[in-house]
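Remember, predicted model here, so these are calculated numbers, not experimental data. Protein chains get the first letters and strands the later ones, always in sequence-line order, with residue 1 at the start of each.
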2 protein chains.
Amino acid sequence: MQFDAKVPIYYQIKQYIYHEIISGHFKAGQKIPPLRQLAVTLTVNVNTIQRALSELITAKVLVSQRGKGNFVTTDDVILGHLKQQVLTAEFSELYDHLAAMNIAPAEMVTAFQSYLDQRKEA
Amino acid sequence: MQFDAKVPIYYQIKQYIYHEIISGHFKAGQKIPPLRQLAVTLTVNVNTIQRALSELITAKVLVSQRGKGNFVTTDDVILGHLKQQVLTAEFSELYDHLAAMNIAPAEMVTAFQSYLDQRKEA
DNA sequence: AGTAGTGTATTAGATCTCTATTACACTATA
DNA sequence: TATAGTGTAATAGAGATCTAATACACTACT
């Protein structure tokens, strides 16, 4: 996995877990890979994985069971809002950046659409 | 100015300058505020400002004149591509994050549109 | 009981970012 | 020529992140 050098790795791993849950790769109640395996897969130190996971445990997205593993929560309330929360965070950041360039909301959409169209061609 | 604690300040200042140029606040050939004034305005150390500006000078977006100040380039080729470059970088990052959640391009647009609609109401 | 697999915790050191401080170089102008 | 305004450079120290290494606690299974 390739990380953005400008953002803490532990934070990017946190997002990675979010993405795996939202995409359905990690399902409700399912055990996620062990710490040491994640560390190898993502070529990162165990402590860095642990830092990311501990934040997700605090957020009650993951449930930790000593000796057993880490599991995706079965709380439907939390899982139900997850995708919308992550999406809103993404769009909010984008909006702020584009608004700082004096770009109107309507232009934001058309410009994004243009980007996607161009991407599709290639 | 409020900074995102997860991204280096010097990098965010670099983006800030880009935004000021693209929005038209800083025009071609125009002198930008002195280092020490930017440091006060953005409540950041002079060295941090300097680091951001030095990258922009290397990118030939700014031209430095010792004793006089820093000026926006008059190079139309560079200025002409600036907005598209920054936009593409923003969209590319968004695309990667959303694609990691198994979100299709068409849904990206509608979800973004929904975000903007919701934002308009408030 | 023993062993492997798991999560948790602590320490030390490297690197990066940011601040604070000081000094220097050049320009413009009184 | 003096002075204020500017960019440039270098050093030292604080804090955050990441790595490496080690140890400990709990679970499952033989």
Carefully, step by step, assess Phe26(A) and Ile17(A) under the rule side-chain contact (heavy atoms from CB on, under 4.5 Å).
CA-CA 8 Å; Phe26(A) 292 168; Ile17(A) 303 290; 4.3 Å; yes
Nearest to the Thr48(B) side chain among dT8(C), dC18(C), dT6(D), which nucleotide is it?
dC18(C)
In Å, rounded to the nearest 0.5 Å, how long is the span from OH of Tyr10(B) to CD of Gln12(B)?
10.5 Å
Interatomic distance, Leu35(A) CG vs dT6(C) P [rounded to whole Å]
10 Å
Atom NZ of Lys68(A) and atom C1' of dC29(D) are separated, to the nearest Å, by 14 Å
Please state whether the phosphate of dT17(C), meaning OP1 or OP2, lies under 4.0 angstrom from any side-chain nitrogen or oxygen of Tyr10(B).
yes
Regarding Asn47(B), tell me which of base, sugar-phosphate or nothing describes its non-hydrogen contacts under 4.0 Å with the strands shown.
base
In whole angstroms, how far is the C1' atom of dT17(C) from the CG atom of Asp4(B)?
14 Å
Roughly how many Å is it from NZ in Lys31(B) to C1' in dA28(C), rounded to a whole number?
10 Å
Would you mind reading off the distance between Arg66(A) atom CZ and dG7(C) atom C1', rounded to a whole angstrom?
6 Å
Return whichever of Val44(A) or Leu53(B) has its heavy-atom-nearest nucleotide of DNA chain D closer to the 5' end.
Leu53(B)
Spacing of CZ belonging to Phe112(A) relative to CD belonging to Gln113(B), to within rounding of 0.5 Å:
11.5 Å
Whole angstrom is fine here: how far is it from CG in Leu62(A) over to P in dT8(C)?
10 Å
Look at all strands and tell whether Val46(B) reaches a base, only sugar-phosphate, or nothing, counting heavy atoms closer than 4.0 Å.
nothing
Quick one: Ile57(A) CD1 to dT6(C) P, roughly how many Å, whole number?
15 Å
Establish, with yes or no, whether the OP1 or OP2 oxygen of dC18(D) is under 4.0 angstrom from a side-chain nitrogen or oxygen of Arg51(A).
no
Any donor-acceptor pair under 3.5 Å linking the side chain of Lys31(A) with the backbone of Lys68(A)?
yes
Could you check how far CG of Asn70(B) sits from C1' of dT27(C), rounded to whole Å?
14 Å
Can you tell me if the side-chain N/O atoms of Ser64(B) get under 4.0 Å from OP1 or OP2 in dT8(D)?
yes
Thr88(B) side chain to Gln85(B) main-chain N or O, any donor-acceptor pair under 3.5 Å?
no
If you look at every strand shown and take non-hydrogen atoms under 4.0 Å, does Arg36(B) touch a base, only sugar-phosphate, or nothing?
base
With respect to the side chain of Pro8(B), which nucleotide from dC18(D), dT17(C), dT6(D) is positioned closest?
dT17(C)
